[in-house]
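All residue numbers refer to positions in the sequence shown, counting from 1.
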Amino acid sequence: MNFNLLTWDESYKIGNNKVDSEHKKLFDIASKIYQNKINKEELILIVKELVKYTKFHFANEENYMQSIGYEKVKEHKEIHKGIVNDLNKIIKELGTISLEEAIEKLSDFIYSGILQHILLVDKRVHFNIKSREELKSHFTWKNSYKINYESIDKEHEELFKLAIEALNYHDKDIKKHIRITIKKLYDYMQTHFKHEEEYMRNIAYPNLKEHMAQHEIIIKEMNNFIKSIPNLKIEEFERNLIEYIDIWLIGHIIYEDRKIVVKS
């Protein structure tokens, strides 16, 4: 695990200041693990602090979800419970593994447990309550999404431009415009994935198979979205497209694609 992936990044924000500050605090606590020379006893204290703050944050988040009438709060609570259980398991294992193994195990958990949860689960809560205007006004490519590999970054940005183009239907035949632009987005996404997979093969990326499986999921989700379009109102189309791009595509860039460059 590359520890640079485990520091707080602006691209992890979900758009709620309180929640974003608490997420950042989780990363700040976790960063103590690898920013200083620590022993096993100090590591245990850091993990306990992380568990305590994680529970505090989850309680706040669950109260917030209930206050806005979020319909999937029960499922979200179960996910939270699983994350806390995983952290407690790590604490129990600390006495039987080396310090290096413990740091690696905890780092993997932060990346796959906390970061993935923020990008793929928490974002849905906040997308659910934002107005159509808010969603559209913040829907733009950000430099913080870059993975710092020029050709891949250019293709990621182009995907975003095509998604924005699909939303710009004013003074046009809306149905025709949406049909054409969504097809362009879908075709370019498949082209980009082929280029990305070719690059991974060239550098002998060890997680190629898993990454390709993620690409298949994203394409499947896009197919499901396209099939739903004829039955969607314009506002629903906008919301679903923005959510799809932000959660499935941007989430994939931040969570999976950065691993490629780190390992190359």
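Ile229 CD1 to Leu241 CG: the interatomic distance, rounded to the nearest 0.5 Å, is 7.5 Å. Taking CD of Glu256 as the reference point, atom CD1 of Ile147 lies at 11.5 Å (rounded to 0.5 Å).
Between the side chains of Asp257 and His211, at least one donor-acceptor pair of N or O atoms lies under 3.5 Å. For the residue pair Glu158/His192, the side-chain donor-acceptor check at 3.5 Å is not satisfied. His252 and Gln214 are not linked by any side-chain donor-acceptor pair at a separation below 3.5 angstrom, with hydrogens and angles left out of the test.
Using a 4.5 Å cut-off on side-chain heavy atoms (C-beta onward), Lys154 and Glu150 make contact. For the pair Phe237 and Ile174, the minimum side-chain heavy-atom distance is 4.5 Å or more. Between Phe225 and Leu232 the shortest side-chain heavy-atom distance falls below 4.5 Å. Contact check for Leu94 versus Leu43: side-chain heavy atoms found under the 4.5 Å cut-off. In this structure, the side chains of Asn231 and Glu236 stay at 4.5 Å or more apart for every pair of heavy atoms. No side-chain heavy atom of Glu155 sits under 4.5 Å from any side-chain heavy atom of Ile152. Two residues are said to be in side-chain contact when any heavy atoms from C-beta on lie closer than 4.5 Å; Lys18 and Tyr64 fail this criterion. Counting heavy atoms from C-beta on, the side chains of Glu157 and Lys161 come closer than 4.5 Å.
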Margin query: Val47 vs Phe109, test: side chain to side chain contact (heavy atoms under 4.5 Å, CB included). Steps then yes/no.
Written below: CA-CA 11 Å; Val47 177; Phe109 167 78; over 6 Å; no
Next item on the list: In sequence, state the C-alpha distance, the side-chain angles, and the governing distance for Arg124 and Ile247, and then conclude on side chain to side chain contact (heavy atoms under 4.5 Å, CB included).
Entry: CA-CA 8 Å; Arg124 292 184 185 276; Ile247 291 177; 3.3 Å; yes
Next item on the list: Walk me through it: do His156 and Tyr149 pass the test ring pair (Phe, Tyr, Trp, His ring centres under 6.0 Å)?
Entry: CA-CA 11 Å; His156 286 160; Tyr149 188 82; over 10 Å; no
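Hydrophobic cluster membership for Leu45: none, as no Ile, Leu, Val, Met, Phe, Trp or Tyr side chain comes under 4.5 Å of it.
Checked against the 6.0 Å centroid criterion, the rings of Phe160 and Phe139 qualify as a close aromatic pair.
Remark: Lys209 fails to qualify as a cation-pi partner of Tyr205 under the 6.0 Å distance and 45° angle criteria applied to the six-membered ring.
Exactly one of Lys142, Lys146, Arg258 qualifies for a side chain to side chain donor-acceptor pair (under 3.5 Å) with Ser11. That residue is Arg258.
Across every non-hydrogen atom of Ile250 and Asp246, the tightest pair is CB-O, 3.2 Å.
Using a cut-off of 4.0 Å between Lys/Arg side-chain N and Asp/Glu carboxylate O, Glu198 and Arg201 are scored as not salt-bridged.
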